[in-house]
**Q** 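Following this message is one structure expressed as C-alpha cells.
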Amino acid sequence: MSVIKKVTCHVVSAPIERPFTSSRGWLYKTRGSCIVEIETQDGTVGWGECYGPSQVARSFIDTQFAPRIIGRDAFDVEVIWEDLYNRIKDYGAKGMAIAAMSGIDIALWDIIGKTCGKPVHKLIGGAFRDTVTAYATGLYFIDMDRLIEEAVEEALEYKHGGFSAIKMKIGLGSPKLDLARVEAVRKAIGDDIRLMVDANHCFTVPAAIRLGRELEKLDVEWFEEPISPEDLDGYVQVTQALDMAVAGGENEYTRWGFRDIVSRKAMDIIQPDICAAGGFSECRKIAALATAHGVECVPHAWGSVIGVAATLHFIAALPDQPPSFRPMPPLFEFEQCENPFRDQLAKEPIVLLNGSVPVPTKPGLGIEIDRSILKKYAV
Ligand code: CA
C-alpha cells in the first residue's frame, strides 16, 4: 500500500520580460501553474500539474478532491479517477474540474513509478521510442510593427537551434497578413523544415477553408484550431474541404468529449493536453479511441517541466500512427516562450538534442523538483 497522506497545491506565477499574444488577444505578461504535490505515508512524493487558471485548480483540489483521496492507495489510480469524476461530473464534466483531476492523476502515476523504481512509460505499456521528435511552438505576436520580421527571426533561431519542425501563430485579423507572414517564414526556413500553423480558433468556416487552401501551397502540415471548438459541424466541414490535416482538441476533456470528435472525424489530429484532459489514465483511453477511428493523437503541451515530462512519457508509449518501415511518429510540442517553470523547476532541465527530446528514464516522471523555484514564485 502507498497510502496517500497529504495533498499540496503550489500556485506559482512569474513575470516575463517580453509579453506576447496570440489571436485570442490576451497579452501574456506572466507564466504560472498549479503544481500538485502528493505525499504518501512512506514518504514518497509525486508531482502533477493542472493546465489553466491555477487558483481555480487549487480550489477544486483543496475543497473537492484532496479530502476524498487522503488515506487511499496511490496504486488505485484509476479507481480514484472514476470516483473523483463521479463526484464532480454534475458540475464540471469539462474544464477546470478535469484539469484539477489531471494534476492528481499525474502525481499518482509519479508515485507508482517511484515506488516500483520504473519510469511511467514502463507502467503504461513501454516505450516505442527513446527520443521524441520535437517541434518548436512560438512565433506569437510581440512587436506589432515588426510582425513579419520577428516571425522570420524567431523561426530561424529554432532552425539553427536544431528543430526540424516549427509551429507558428496566425490570426492577425487579416488573412492576407497571415499569409504574407507564413510565406516569409517558409521562404526563410526552406522546404526541409516542417511547418504548422495555429489560429487559436479565430476564423469562420469559410475564412478557414479559404486561408487553408492558400496555406497548403506553402506545404503547411497542419492547421490547428481553425475555428471555434464548440462548432463540431464546422470542423467536419473544414476537415473535409482541406487536403492538409486539421488539428484541435487542446480545450476538450475526457473520453466522452473526444468521442464525438473522433467518431465524426471532425479533425485529422486530436491534441489532448495531459494536464487538462484527464491525466495519464484518461489520455490513454482518448488515444485508444482515436486509433480506433483512424485519427492521430499528437498531444498539446503548454506548461512546466512536470507537464513536459508527463507528455514525453505519454508520447513514448503511443504506437506509430500507422506502423511502417519508416514511420512518422507523433511529435512533441516543445513550447519555447519564456517560462522559468519549464526551464528551472527541474534540477536537470529537459532539453532538445539533435531535434529530439530524450524520454526521461528515471523512476516516475524522472525529474527532480527544485523546491526553491516553487518558493521563489509562490502566489
Ligand atoms: Ca494550440
Side-chain angles (χ1 to χ4, degrees), residues 20-28 31-33 49-53 94-96 98-99 102 132-142 151 154-155 158 163 165-172 178 181-182 185 194-203 207-208 211-212 215 220-232 234-235 238-239 242 244-253 257-258 261 266-277 283 286-287 290 295-304 307-308 310-311 314-315 330-339 342:
F20 55 91
T21 190
S22 70
S23 75
R24 311 298 320 281
W26 304 327
L27 190 63
Y28 289 88
R31 297 299 299 265
S33 197
E49 176 170 11
C50 313
Y51 179 63
K94 293 188 181 198
M96 287 310 299
I98 310 300
S102 304
V132 180
T133 306
Y135 73 84
T137 284
L139 284 77
Y140 282 77
F141 317 138
I142 302 172
E154 192 180 333
Y158 298 141
F163 279 103
I166 297 169
K167 187 172 80 192
M168 64 186 290
K169 295 289 170 179
I170 58 170
L172 283 162
D178 282 327
R181 199 164 169 265
V182 179
V185 167
R194 296 163 74 178
L195 181 64
M196 293 79 83
V197 298
D198 184 357
N200 294 93
H201 51 77
C202 72
F203 293 113
L211 178 59
L215 294 169
V220 171
E221 190 165 321
W222 79 58
F223 194 165
E224 180 167 323
E225 291 208 279
I227 63 165
S228 202
E230 301 90 343
D231 184 9
L232 215 51
Y235 267 97
V238 178
T239 298
L242 295 178
M244 77 202 302
V246 169
E250 66 186 72
N251 29 38
E252 193 50 84
Y253 301 83
F258 280 93
I261 297 176
M267 298 167 190
D268 302 291
I269 297 169
I270 54 161
Q271 302 172 300
D273 188 310
I274 193 154
C275 300
C283 285
I286 293 166
V295 171
E296 268 187 83
C297 178
V298 184
H300 173 261
W302 170 267
S304 80
V308 165
T311 305
F314 177 64
I315 295 178
L331 293 172
F332 166 61
E333 178 168 20
F334 206 1
E335 177 255 313
Q336 295 292 302
C337 298
E338 198 181 332
N339 186 352
R342 184 191 59 234

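Just so you know, ligand 1 is whichever comes first in the structure, and atom 1 is the first atom listed for that ligand. The residues of the chain are indexed from 1 along the displayed sequence.
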**Q** Out of Tyr158, Phe332, Trp222, which one pairs with Tyr135 under the ring-ring contact (aromatic ring centres under 6.0 Å, His included) rule?
**A**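 Single ring-ring contact (aromatic ring centres under 6.0 Å, His included) partner of Tyr135 among Tyr158, Phe332, Trp222: Trp222.
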**Q** Under 4.0 Å between a side-chain nitrogen and a carboxylate oxygen: does that hold for Lys167 and Glu221?
**A**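 No salt bridge links Lys167 with Glu221.
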**Q** Going by an N to O cut-off under 4.0 Å, is there a salt bridge joining Arg31 and Glu338?
**A**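 Judged by the 4.0 Å cut-off on N to carboxylate O distance, Arg31 and Glu338 do not form a salt bridge.
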**Q** Could you walk me through whether Tyr140 and Trp26 pass the ring pair (Phe, Tyr, Trp, His ring centres under 6.0 Å) test, one step at a time?
**A** CA-CA 11 Å; Tyr140 282 77; Trp26 304 327; over 10 Å; no
**Q** Glu296: what forms a salt bridge (Lys or Arg N to Asp or Glu O under 4.0 Å) with it, not counting sequence neighbours?
**A**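 Testing Glu296 for salt bridge (Lys or Arg N to Asp or Glu O under 4.0 Å), a comparison that skips the adjacent residues, returns none.
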**Q** So how many protein N, O or S atoms does the Ca ion (ligand 1) have within less than 3.0 Å?
**A**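 Excluding waters, the total comes to 3.
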**Q** Run the side-chain hydrogen bond (donor to acceptor under 3.5 Å, both in side chains) check on Asn200 and Glu224 step by step: do they pass?
**A** CA-CA 7 Å; Asn200 294 93; Glu224 180 167 323; 6.0 Å; no
